[in-house]
*Asks:* 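I have a structure I would like to understand better, so I am pasting it below and will then ask my questions one at a time.
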Amino acid sequence: MSTPEATPAGNFIHDIIDADLASGKVQQVITRFPPEPNGYLHIGHAKSICLNFGIAAKYQGRCHLRFDDTNPTKEEQEFIDSIMEDVRWLGFDWGEHLYFASDYFEQLYAWAVELIQAGKAYVCDLSADEVRQYRGTLTEPGKESPYRTRSVEENLELFGRMRAGEFPDGSKTLRAKIDMASPNLNLRDPALYRIRRAHHARTGDKWCIYPMYDWAHGQSDSIERITHSICTLEFENHRPLYDWFLDNLPVPAHPQQIEFARLNLTYTVMSKRMLRELVETSQVEGWDDPRMPTLAGLRRRGFTPASLRAFAERIGVSKRESLVDVTLLENAVRDDLNANARRVMGVLRPLKVVVENWPEGKVEQLDAPYHPEKPEMGSRKVPFTRELYIEREDFMEEPAKKFFRLSPGKEVRLRWAYFLKCESVVKDEAGEIVELRCTIDPESKGGTPPDGRKVKGTLHWVSAEHAVEAEVRLYDRLFNHENPAAGGDYKAHLNPSSLERLKGRLEPSLERAKGGEHFQFERQGYFFADPKLSKDGAPVFNRVVTLRDTWAKIAGKE
RNA sequence: UGGGGCAUCGUCUAAAGGCAGGACUGAGGACUUUGAAUCCUCCUAUCUAGGUUCGAAUCCUAGUGCCCCAGCCA
């Protein structure tokens, strides 16, 4: 069991566990994360993973990884693999406690037989349509199935033949005999088994009957001696059924189901259906597209496991449905990368600068520290030459109020280099600025002139001759609506400019950047060398998140 | 309209009858070789109406609003 960081800050589930420990109801806390392998994990799952593994760590218990693989028509090995990879990447370790609900199929079958013997389950021949008719509605009770009164012997025989494959798919179900008049629809004789000739990723063609979620989940929890079975709010209505099974079966333990509110994040969608649709309709480049809220996507974008854990910690856990502001996530990754990412310089939209008083051909290697607060991170050399690029938006011919970057006659500092003064502006026939003629103060080498004069602006820059050209991908939110799933047509809210690809001019050290490395491009944001796209000597950078931009705020107000 | 849940700053989330606290956001300032980071200051909340109580976010009553449930999905 790994424990990434100490994580107190309690929630209502911790309170329940504290009470159970205090009363002696449980000695060791055991939780589980139970994904269905029918899709990729997303940040909502990360909340659950952090909760369950976090509890195990806090109480020195353990957390199992259990795949809820009871529906072979939807589940695939690809998803099993990706889920394990994602949980590990997030920083959690289930040790030897990897389980599959399908491991329990035999035991589940035996319990079903016992339920039949106890007169509490029966084989029903109603079609799916008929079952729906018989179920009643929210306000009216259901009708009992005509097959409800079959004898134990007949049920046993029929159930055995269901398993043996004697009946066609969908022709029969095994149902619990509970109460067709219950106001809780889950208790109106729920199906336990359906007949489905489908190849299962783990059991192959051994079975043609498969257990339903409700029948499998609680018993699986019990087999694994889970003490606290934590799930999302929509399963609250299932808890009476969860308990009914455990109360009516000779199970080894009766775990406690606890529900919490799932995560919703602004400017994205979280439903598996919608995410799948985005992938299948090529709105994104795949499950791991850096704009996706999947763990694979966030990982490729450059989010760190620590930042996701910190985010989970900050949003807390409760039963209130909420829509968490995505800036919380963005700030979590800024915090992590601010502390740990090397600073480098890269110009995204270049504007040429000619330093008139710098000799042609002269190259000076200047020392530039990698982190302003962590000298132990070392430094690299950046070449200074007569022709440079600066950021286009760092120059204004007619400066706005409070603009203290470069403009005609004004002086700024080039980071780690010299003070630079703009002498004149060169334009093309169309009136576009194509070049700046400037001079530097040779006395100001390193960035501090001996006369002690100050400048308000410091600019990043790169030597034109030495610049490495690399693809830089500027990612923005996938949707331009705070809650795209709310209205119905979420695709109408897709942000058309969620990806901008451009050719950056980067400082030479970046040519050696390896896929998987993080950087701060100073004054721009945090970037990540895409592990999938980067090649040796040809990195591709994803923008994880911009830096906070006070200037944009000021400029926006003017 | 049956049943199950949930209502606290803009957003999340604490407070188990005793000063409504924290984080993020926002506003202002200090510092700054990143308009970043850091530091300081400040603003903003108990769904409504009654009741119990010396005292209510918390207990009671009656409302209101939102979410979930009619898969042989999970």
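Per chain, numbering begins at 1; letters A, B, ... match sequence-line order. Values below: every heavy atom of this structure, side chains too, minus hydrogens, waters and symmetry copies. For clarity, every value in this text was computed on a predicted model and none was experimentally measured.
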*Asks:* Can you check the distance between B:C59 and B:A16, where both ends of the measurement are the P atom (answer in whole Å)?
*Replies:* 11 Å
*Asks:* Using the P atom as the reference point in each nucleotide, state the distance between B:C66 and B:C73 in Å, no decimals.
*Replies:* 32 Å
*Asks:* Return the 5'-most residue of the pair A:Ala261, A:Asn331 with respect to RNA chain B, ranking by each residue's nearest nucleotide.
*Replies:* A:Ala261
*Asks:* For RNA chain B, report each stem as range with range, ordered by first number, or say none. Use Watson-Crick or G-U wobble pairs under 3.5 Å, at least 3 in a row.
*Replies:* B:2-7 with B:64-69, B:10-13 with B:21-24, B:26-30 with B:38-42, B:47-51 with B:59-63
*Asks:* Does A:Ser318 reach a base, just sugar-phosphate, or nothing at all? Heavy atoms under 4.0 Å.
*Replies:* sugar-phosphate
*Asks:* Which whole number of Å gives the distance between the P atom of B:G28 and that of B:C9?
*Replies:* 24 Å
*Asks:* Once you apply a heavy-atom cut-off of 4.0 Å, does A:Leu414 come out as touching a base, just sugar-phosphate, or nothing?
*Replies:* nothing
*Asks:* Would you say the ring centers of A:Phe519 and A:Phe527 fall short of 6.0 Å from each other?
*Replies:* no
*Asks:* Please determine, for the side chain of A:Glu236, which listed nucleotide (B:G35, B:G5, B:A37) has the closest atom?
*Replies:* B:G5
*Asks:* So which nucleotide from B:C24, B:A37, B:A36 ends up closest to the side chain of A:Arg548?
*Replies:* B:A37
*Asks:* What is the nucleic acid contact for A:Phe403, judged by heavy atoms within less than 4.0 Å: base, sugar-phosphate only, or nothing?
*Replies:* base
*Asks:* Could you check whether any side-chain heavy atom of A:Ile209 comes within less than 4.5 Å of a side-chain heavy atom of A:Tyr109, counting everything from C-beta outward?
*Replies:* yes
*Asks:* What nucleotide among B:A14, B:U34, B:A27 has an atom nearest to a side-chain atom of A:Arg523?
*Replies:* B:U34
*Asks:* Would you classify A:Val455 as touching base, sugar-phosphate or nothing, given that sugar-phosphate means primed atoms plus P, OP1 and OP2, and contacts are heavy atoms under 4.0 Å?
*Replies:* nothing
*Asks:* Could you check whether any side-chain heavy atom of A:Ile16 comes within less than 4.5 Å of a side-chain heavy atom of A:Gln256, counting everything from C-beta outward?
*Replies:* yes
*Asks:* What about the rings of A:Phe105 and A:His200, do their centers lie closer together than 6.0 Å?
*Replies:* yes
*Asks:* A:Ile554 has an atom CD1; how far is it from atom C1' of B:G28, in whole Å?
*Replies:* 13 Å
*Asks:* Does the separation of the ring centres of A:Tyr242 and A:Phe235 fall below 6.0 angstrom?
*Replies:* no
*Asks:* A:Thr139 side chain: which of B:G2, B:G35, B:U11 is closest?
*Replies:* B:G2
*Asks:* Within this structure, what is the CG-to-C1' distance between A:Asp179 and B:G2, rounded to whole angstrom?
*Replies:* 13 Å
*Asks:* If a protein heavy atom is under 4.0 Å from the base, mark B; if only from the sugar-phosphate, S; if neither, -; do that for nucleotides 69-74 of chain B going 5' to 3'.
*Replies:* BBSBBB
*Asks:* Mind checking A:Glu140 for me? I need base, sugar-phosphate or nothing, with any heavy atom below 4.0 Å counting as a touch.
*Replies:* nothing
*Asks:* Using the C1' atom as the point on both nucleotides, what is the distance between B:C19 and B:A57, in whole Å?
*Replies:* 14 Å
*Asks:* For A:Glu259 and B:G5, what is the distance between atoms CD and P respectively, to the nearest whole Å?
*Replies:* 9 Å
*Asks:* Does A:Phe521 have its ring centroid less than 6.0 Å away from the ring centroid of A:Phe541?
*Replies:* yes
*Asks:* Mind calculating the distance between CG (A:Asp15) and C1' (B:A15) to the nearest angstrom?
*Replies:* 11 Å
*Asks:* Applying the side-chain hydrogen bond (donor to acceptor under 3.5 Å, both in side chains) test to A:Tyr40, which of A:Glu78, A:His45, A:Lys272 qualifies?
*Replies:* A:Glu78
*Asks:* Contact between A:Tyr104 and A:Glu224 at the side-chain level, heavy atoms closer than 4.5 Å - yes or no?
*Replies:* yes
*Asks:* Strictly below 4.0 Å: does A:Lys553 bring a side-chain N or O up to OP1 or OP2 of B:G26?
*Replies:* yes
*Asks:* Quick one: A:Lys319 NZ to B:U13 P, roughly how many Å, whole number?
*Replies:* 13 Å
*Asks:* Mind listing the closest non-hydrogen atom pair of A:Leu348 and A:Leu474 along with its distance?
*Replies:* CD2-CD2, 4.2 Å
*Asks:* Expressed as a whole number of angstroms, how long is the span from A:Asp335:CG to B:A36:P?
*Replies:* 15 Å
*Asks:* Taking all non-hydrogen atoms of both residues, which atom of A:Met345 and which atom of A:Leu510 are closest, and how far apart?
*Replies:* O-CD2, 4.2 Å
*Asks:* Tell me the salt bridge (charged side-chain N to carboxylate O under 4.0 Å, His left out) pairs involving residues 127-146 of chain A, sequence neighbours left out?
*Replies:* A:Asp129-A:Arg132, A:Glu144-A:Arg148
*Asks:* Which value, in whole Å, describes the distance between the C1' atoms of nucleotides B:A37 and B:A30?
*Replies:* 14 Å
*Asks:* Would you mind telling me which of B:A36, B:C24, B:C12 lies closest to the side-chain atoms of A:Pro372?
*Replies:* B:A36
*Asks:* If the P atom of B:A36 is compared with that of B:U25, how far apart are they to the nearest Å?
*Replies:* 12 Å
*Asks:* Regarding A:Gln524, tell me which of base, sugar-phosphate or nothing describes its non-hydrogen contacts under 4.0 Å with the strands shown.
*Replies:* nothing
*Asks:* Mind calculating the distance between CZ (A:Arg413) and C1' (B:G35) to the nearest angstrom?
*Replies:* 13 Å
*Asks:* Do A:Arg405 and B:G35 have a side chain to base donor-acceptor pair shorter than 3.5 Å?
*Replies:* yes
*Asks:* Indicate syn or anti for B:G71, taking the glycosidic torsion and treating anything within 90° of 0 as syn.
*Replies:* syn
*Asks:* What nucleotide among B:A37, B:A14, B:C24 has an atom nearest to a side-chain atom of A:Asn338?
*Replies:* B:A37
*Asks:* Taking B:A56 as the reference, what is the distance to B:G17 when you measure between their P atoms (whole Å, please)?
*Replies:* 14 Å
*Asks:* What is the distance, to the nearest angstrom, from the CG atom on A:Leu323 to the C1' atom on B:U25?
*Replies:* 14 Å
*Asks:* Using the P atom as the point on both nucleotides, what is the distance between B:C43 and B:C54, in whole Å?
*Replies:* 33 Å
*Asks:* If you pin A:Glu373 and A:Ile315 to their nearest nucleotides in RNA chain B, which one's is more 5'?
*Replies:* A:Ile315
*Asks:* Does the side chain of A:Tyr526 come within less than 4.5 Å of A:Val333's, by heavy atoms?
*Replies:* no
*Asks:* The side chain of A:Thr550 lies closest to which of these nucleotides: B:U34, B:C24, B:G35?
*Replies:* B:G35
